[in-house]
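Comments concern the structure below.
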Amino acid sequence: MATVYSVNRLMPELPEVETVMRGLRARLEGRRIVRAITTRPDLRWPMPLNLAQRLTGARVLGFRRRGKYMLMRLEGGDSVLLHLGMSGRMLIGPARPNTETLHEHLVLETDDGWRVGFVDPRRFGSIDLVRTDQEDQHKLLMGLGPEPLDDGFSAASLGESLAGKKTPIKAALLDQKVVAGLGNIYVCEALFRAGISPLRLAQTVPGVRAGRLVPAIRDTLREAIAAGGSSLRDYVQTNGEMGYFQHAWKVYGREGEPCERCPGPPGCAGVRRIVQSGRSTFYCPKTQR
Ligand SMILES: [Zn+2]
């Protein structure tokens, strides 16, 4: 049975991408790609013309994540840049006769008899090649802000990027130039933990609030990555079919429910849902200011 790393109708954010990358690393690192197949010339953008040819025969040296992007580094100096987009997922299973799954756009077969497929029905994902020593100059990576789990991301650096910004803090944190890898879900979760209203203007966050926000972002991401990691261990042990990891969000998707800091009705109305820039925001109006 193939293992499906996917995100059910939700766009993958940093923790999901990290989990998928670790799954790929466990299966592919050190292996040689004996066969590569592409089934169409483009996803969101055209794929490199000779992609299959350049992948065939290459050994996989390692993986790196940057924001919501994965980089698979190959012997010979190429890196494959993978982005899951909105609907992309990776299928991992034993090699089988040449039958691509519907919407499977790239297939890799390894020298130890495994098969990895990239499936993306809506084709918002992307696959590209970049020289490993120039990864950060790729057009999709060069504008990215700091990695939230790296030491370079601090209350001071976040405060600097938010200074003077008259957009709501929610929108500012979704901007990949401010911090890389966050999306709608984990921004809502981090703002809840930090006790900051998603409506607050970004320019008022530097200082004390940024000091709460940075650890809130880190804790939110680390817990989600840990949940993804335990799902990977299950996969390794059972080698069966597995959906994406179930993760309990504190406010996301919980409209009307009491949050963990409030008693709920009748004392308070519970988690509120509003729409900001066309997307749902969930927050606690009582404890997020
Ligand atoms: Zn509450």
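What you are looking at is a predicted structure, and each value in this text was computed from that prediction instead of being measured. Note that ligands are numbered from 1 as they come in the structure, with each ligand's atoms numbered from 1 the same way.
- Using a 4.0 Å cut-off between a side-chain N of Lys or Arg and a carboxylate O of Asp or Glu, E18 and R22 qualify as a salt bridge.
- Qualifying side chain to side chain donor-acceptor pair (under 3.5 Å) partners for E135, counting only residues two or more places apart in sequence or in other chains: R64, R73, S79.
- Note on the Zn ion (ligand 1): protein N/O/S atoms under 2.8 Å are C259 SG, C262 SG, C284 SG.
- In the displayed structure, D150 atom CG is contacted under 6.0 Å by more than 12 heavy atoms of other residues, nucleotides or ligands.
- Taking the ring-ring contact (aromatic ring centres under 6.0 Å, His included) definition, one finds that H83 meets it with Y69, sequence neighbours left out.
- Under the ring-ring contact (aromatic ring centres under 6.0 Å, His included) criterion, Y283 pairs with no residue at all, not counting sequence neighbours.
- The aromatic rings of Y252 and F282 stand perpendicular to each other, their planes meeting at an angle above 60°, with 30° marking the opposite boundary.
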